[in-house]
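Throughout, protein chains are lettered first and strands after them, A, B, ... in sequence-line order, and every chain is numbered starting at 1.
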Amino acid sequence: MTAAPCGLDYSRSVLELAVDLLGATVRHGACAGRIVETEAYHDSEAACHAHVGLTPRTHVLFGPPGRAYVYRSYGIHALLNAVAEPEGVGAAVLIRALEPLDGIGEMQARRRRERPEELCSGPGKLTQALGIDLAQNATDLATGPVRIEPRTGFAPDHLAAPRVGITKAAELPWRFCERGSRFVSRPWPPGLRGG
DNA sequence: CATGGGATTGACT
DNA sequence: GTCAATCCCATGC
């Protein structure tokens, strides 16, 4: 038996952090959800924004671990990441899906959807549901407006698979989902389901 | 300064 | 299955 972790170490390997964030809670205002899907990004591979080096956009990624990296995707959506690894390394974990916990009425109003499965089952959906936008970029995830509370107890059983929606470094299995969750952004390929 | 490309989503055929 | 919405920012001239 290993001891249950009592905190999150954002400075560790982005792959380890991506798994460790499964089961953690994201909270913003009155809304909160349990992380059921993550993806890892690292400056050593081409899908990561930090791959181009230090620019105004990637400044946060290369900064201290444990901060939020929020950026606009396709001109429409805000996507939430947790910066990982020591300062000087550009790496982050993309939060891709949550299981809604608190403030569900508020999430339903923002999303204009009723079903819990449609509130946070995607990286753009969960930021809309929780009211997270670019104003929260670079804020501290332990003390800032957007907080991540470590899970209590053991890590959920999970599956690894290739990341979604990228064209570069698409072969790396750096997507992690809680096994059996109905709140993930999209179903697993046939044959992998239930693992 | 002009251009092009997205770590997406929802509506539609 | 296809496709448009819409904006930040990296890149190139």
Peer 1: Using the side-chain contact (heavy atoms from CB on, under 4.5 Å) definition, which of the options A:V93, A:L21, A:D20 pairs with A:I35?
Peer 2: A:L21
Peer 1: Under a 3.5 Å limit for both distances, which nucleotide forms a Watson-Crick or G-U wobble pair with C:dG12, could you say?
Peer 2: B:dC1
Peer 1: Applying a 3.5 Å limit to both distances, which nucleotide forms a Watson-Crick or G-U wobble pair with B:dA7?
Peer 2: none
Peer 1: Decide side-chain contact (heavy atoms from CB on, under 4.5 Å) for A:T127 and A:L130; before the verdict, give the C-alpha distance in whole Å, the side-chain angles of both, and the deciding distance to 0.1 Å.
Peer 2: CA-CA 5 Å; A:T127 54; A:L130 270 65; over 6 Å; no
Peer 1: Please list, for nucleotides 5-7 of chain B, all pairs of protein and nucleotide N/O atoms separated by less than 3.5 Å.
Peer 2:
| unit_1 | atom_1 | unit_2 | atom_2 | d |
| --- | --- | --- | --- | --- |
| B:dA7 | OP1 | A:H49 | NE2 | 3.2 |
| B:dA7 | O4' | A:Y41 | OH | 3.4 |
| B:dA7 | N9 | A:Y71 | OH | 3.2 |
| B:dA7 | N7 | A:A47 | O | 3.3 |
| B:dA7 | N7 | A:H49 | NE2 | 3.1 |
| B:dA7 | N1 | A:N81 | OD1 | 2.5 |
| B:dA7 | N3 | A:Y71 | OH | 3.3 |

Peer 1: Between the side chains of A:Q128 and A:R110, does any donor sit under 3.5 Å from an acceptor?
Peer 2: no
Peer 1: Is the shortest distance from a Lys or Arg side-chain nitrogen in A:E45 or A:K168 to a carboxylate oxygen in the other one below 4.0 Å?
Peer 2: no
Peer 1: Does A:R67 count as lying over the ring of A:Y10, i.e. NZ or CZ under 6.0 Å from the six-ring centre, within 45 degrees of the axis?
Peer 2: no
Peer 1: Once you round it to whole Å, what is the distance between C1' of C:dA5 and CD of A:Q128?
Peer 2: 14 Å
Peer 1: When the distance from NE2 of A:H77 to P of B:dG10 is rounded to whole Å, what number comes out?
Peer 2: 7 Å
Peer 1: What is the distance, rounded to the nearest whole Å, between atom CZ of A:R115 and atom P of B:dT9?
Peer 2: 15 Å
Peer 1: To the nearest Å, how far apart are A:D133 CG and C:dC8 P?
Peer 2: 11 Å
Peer 1: Contact class for A:R112 (heavy atom, under 4.0 Å): base, sugar-phosphate, or nothing?
Peer 2: nothing
Peer 1: A:H59 has an atom NE2; how far is it from atom C1' of C:dC8, in whole Å?
Peer 2: 17 Å
Peer 1: Between A:H49 and A:Y41, does the ring centroid distance fall short of 6.0 Å?
Peer 2: no
Peer 1: Out of C:dC8, C:dA10, B:dT9, which has the shortest distance to the side chain of A:P56?
Peer 2: C:dA10
Peer 1: Report yes or no: does A:H28 contribute a side-chain atom to a donor-acceptor pair with the main-chain N or O of A:V146 at less than 3.5 Å?
Peer 2: no
Peer 1: What's the closest nucleotide to the side chain of A:V52 if the choices are C:dA10, B:dT9, C:dC8?
Peer 2: C:dA10
Peer 1: Calculate the interatomic distance between A:E118 atom CD and B:dT9 atom P; express it in whole Å.
Peer 2: 12 Å
Peer 1: May I have the distance from A:I76 (atom CD1) to C:dC3 (atom P), rounded to whole angstrom?
Peer 2: 17 Å
